[in-house]
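All remarks here apply to the structure that follows.
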Amino acid sequence: MDRYLVFGHPVRHSKSPFIHTLFARQTQQELEYGLAEPAVDEFAQALRTFFDQGGKGCNVTVPFKELAFTLVDCLSPRAKRAGAVNTIKLTNDGVLLGDNTDGAGLVADLKSHGVTLADSRILLLGAGGAARGALAPLLAELPSELVIANRTHTKAQQLAAEFHDLGPVTAQTYEQLAGSFDLVINSTSASLQGELPPLAPALIHTDIAIYDMMYGASDTAFISWAKQHGARQTMDGLGMLVEQAAEAFTVWRGIRPGTKQVLRELKRNLGVI
C-alpha cells in the first residue's frame, strides 16, 4: 500500500491524516497516511529515510517548509515563488518534486465562500511564509490592489518588491492604511496566542470580508474582533486546510477529491458543528 506522511514539529495535533483518509475513501485510492515528528535537526535524514523505504509523498508543515525547499530535486513554479515547500511527490522516474499548495488552497476556499477577488482591494496582514505562499495565487486573480502590512515594515517592503512583477502589490505600515478594503486576510499567527494585529477598527465595515488563516473550535481572536466592529462575513482557515490538502492529493494521485463533505466531517471532528 502506498505510504504518505506529514512532517512537522509539533505535528500530533495535525488533521491531515483524518482529511487524507477521507479523500482516499472517497476516491477509492489505496493508501495510508501517517505522522512524523523528527527533531528539527533530523528532518533531512528522516525525509531521505522515508523515501528510501518506499514512501510515495508527504506534506511538510511548520517548521520544515523552508528547509524542504532546499532538499527536493526540482520545484514547481508556485513553490519557487513561495520559497517554501509543503508537498513533496516521488515521481515515476525517482525525482523528488517540491510543490506548494497553500496559496491555491486559500484562493479555492475564498471562492467557495463567494468572495470576489477580481478588481478587489485586498489587505494582507503579515509578511512571513504564509503570506509569501499566498501572494502569487492571489495576484493571479487580478485584484485592483493588494496591500501588505506587517509589524516590521521592511519585510513587507521586501515582499512587495519581490512580487511586484505579478501585479499591483504595495507595502504600507499599519498607520498608513486608509480607504476601503474588500478583503482582509490575516496570515500572522497572532490568533494562536489570542493576540491581534494592530489594525485600526475604522477599517472594518459591514461589506468587508475577513479571513484568518488560523482556525479552532471557536472564533479566532481576530475574527471575534472583526465581528465586534461590524464585519458580517468572516472565515477561518479550516477550509484552506482542506482545500490545500485536496490540491496535494491531486498532485500525488492525479485525481481531485471533493472537499465539501470532508470539511463537514472535519468540523464535526473538531466540535465546530
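- In terms of heavy atoms, Ala246 sits closest to Thr259 at CB-CG2, 3.6 Å.
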Self-check item: side chain to side chain contact (heavy atoms under 4.5 Å, CB included) assessment of Leu183 paired with Val115
Solution: CA-CA 8 Å; Leu183 169 65; Val115 176; 4.3 Å; yes

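- Residues Leu47 and Leu97 do not share a hydrophobic cluster, defined by chaining ILVMFWY side chains whose heavy atoms lie under 4.5 Å apart.
- Between Asp165 and Arg81 there is a salt bridge, since a side-chain N of the basic residue sits under 4.0 Å from a carboxylate O of the acidic one.
- Pairs passing the ring pair (Phe, Tyr, Trp, His ring centres under 6.0 Å) check and including a residue from residues 21-43, sequence neighbours excluded, read Phe7-Phe43, His20-Phe23, His20-Tyr33, Phe23-Phe249, Phe43-Phe64.
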Quiz prompt | Audit row: Asn86, Thr61, side chain to side chain contact (heavy atoms under 4.5 Å, CB included) steps and yes/no | solution = CA-CA 6 Å; Asn86 81 328; Thr61 189; over 6 Å; no

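- Gln26 contributes a side-chain N or O that, together with a main-chain N or O of Gly258, makes up a donor-acceptor pair within less than 3.5 Å.
- His229 meets the ring-ring contact (aromatic ring centres under 6.0 Å, His included) test with Trp225; sequence neighbours excluded.
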Exercise. Would you check, one step at a time, whether the test side chain to side chain contact (heavy atoms under 4.5 Å, CB included) holds for Glu247 with Arg78?
Key: CA-CA 12 Å; Glu247 188 77 10; Arg78 59 190 178 184; 2.9 Å; yes

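- Among residues two or more places apart in sequence or in another chain, the salt bridge (Lys or Arg N to Asp or Glu O under 4.0 Å) test is passed with Arg232 by Asp207.
- Remark: Met213 CE to Met240 CE distance equals 4.5 Å, nearest 0.5 Å.
- Crowding of Asn92 atom CG: a count of heavy atoms from other residues, nucleotides or ligands under 6.0 Å not exceeding 12.
- Among Val242, Val6, Asn269, the single residue meeting the side chain to side chain contact (heavy atoms under 4.5 Å, CB included) criterion with Lys15 is Asn269.
- Applying the side chain to side chain contact (heavy atoms under 4.5 Å, CB included) test between Ile148 and each of Ile122, Thr170, Leu135 identifies Leu135 as the sole match.
- Judged by distance alone, with hydrogens and angles left aside, the side-chain atoms of Thr91 form a donor-acceptor pair with the main-chain N or O of Val95 at under 3.5 Å.
- In this structure a side-chain-to-backbone donor-acceptor pair under 3.5 Å is missing from Ser191 to Met214.
- Under the 4.5 Å side-chain heavy-atom criterion for ILVMFWY residues, no single connected hydrophobic cluster contains both Leu117 and Leu125.
- Partner Ile210 forms a side chain to side chain contact (heavy atoms under 4.5 Å, CB included) with one of Ile204, Ile185, Thr220, Asn186 and no other, that one being Ile204.
- At distances below 3.5 Å, at least one donor-acceptor pair connects side-chain atoms of Asn150 with backbone N or O atoms of Ala127.
- With sequence neighbours left out, Asp41 forms a side chain to side chain donor-acceptor pair (under 3.5 Å) with no residue at all.
- For Lys111, the salt bridge (Lys or Arg N to Asp or Glu O under 4.0 Å) test picks out Glu141, with sequence neighbours left out.
- No side-chain donor from either of Ser224 and Gln228 sits under 3.5 Å from a side-chain acceptor of the other.
- Thr70 places a side-chain N or O within donor-acceptor distance of the main-chain N or O of Leu67, the cut-off being under 3.5 Å.
- For Phe69, the ring-ring contact (aromatic ring centres under 6.0 Å, His included) test picks out no residue, with sequence neighbours left out.
- For the atom pair OH of Tyr215 and CG of Leu238, the computed distance is 6.5 Å after rounding to the nearest 0.5 Å.
- Each of Val184 and Leu110 belongs to its own hydrophobic cluster when Ile, Leu, Val, Met, Phe, Trp and Tyr are linked at side-chain heavy-atom distances under 4.5 angstrom.
- Taking the ring-ring contact (aromatic ring centres under 6.0 Å, His included) definition, one finds that Tyr4 meets it with Trp252, sequence neighbours left out.
- In terms of heavy atoms, Leu31 sits closest to Ala24 at CG-CB, 3.8 Å.
- Counting side-chain heavy-atom gaps under 4.5 Å among Ile, Leu, Val, Met, Phe, Trp and Tyr, Val62 is found in no cluster with other residues.
- Checking Thr87 against Asp99 by side-chain atom types alone, no donor-acceptor pair falls below 3.5 Å.
- Judged purely by distance below 3.5 Å, without hydrogens or angles, the side chains of Glu265 and Gln261 pair a donor atom with an acceptor atom.
- Taking CG of Asn100 as the reference point, atom NZ of Lys65 lies at 6.5 Å (rounded to 0.5 Å).
- Closest heavy-atom contact between Phe51 and Ile88: CZ-CG2, 3.7 Å.
- From His13, atom NE2 reaches atom CD of Glu37 across 9.0 Å, with rounding to the nearest 0.5 Å.
- For the side-chain contact (heavy atoms from CB on, under 4.5 Å) test, residues two or more places apart in sequence or in another chain that qualify with Ala108 are Glu243.
- In terms of the salt bridge (Lys or Arg N to Asp or Glu O under 4.0 Å) criterion, Glu66 has no residue partners (sequence neighbours excluded).
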Practice problem: I would like to know whether Thr101 and Thr250 meet side chain to side chain contact (heavy atoms under 4.5 Å, CB included); could you show each step before the answer? | Solution: CA-CA 10 Å; Thr101 66; Thr250 306; over 6 Å; no

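- Among residue pairs with one or both ends in residues 179-203, none qualify as salt bridge (Lys or Arg N to Asp or Glu O under 4.0 Å); sequence neighbours excluded.
- Using a 3.5 Å distance cut-off with no hydrogens or angles, the side chains of Ser16 and Asn59 do not pair a donor with an acceptor.
- In this structure, the side chain of Gln244 engages the main chain of Leu241 through a donor-acceptor pair within 3.5 Å.
- In this structure, the separation between CG on Leu196 and CD1 on Ile223 is 11.5 Å, given to the nearest 0.5 Å.
- Without hydrogens or angle criteria, Ser76 side chain to Ala79 main chain gives a donor-acceptor distance under 3.5 Å.
- For the atom pair CG (Leu75) and CG (Leu96), the distance works out to 11.0 Å, reported to the nearest 0.5 Å.
- Here the side chain of Gln45 pairs no donor or acceptor atom with the backbone of Glu42 at under 3.5 angstrom.
- The salt bridge (Lys or Arg N to Asp or Glu O under 4.0 Å) analysis of residues 117-126, with sequence neighbours excluded, yields the pairs Arg121-Glu145.
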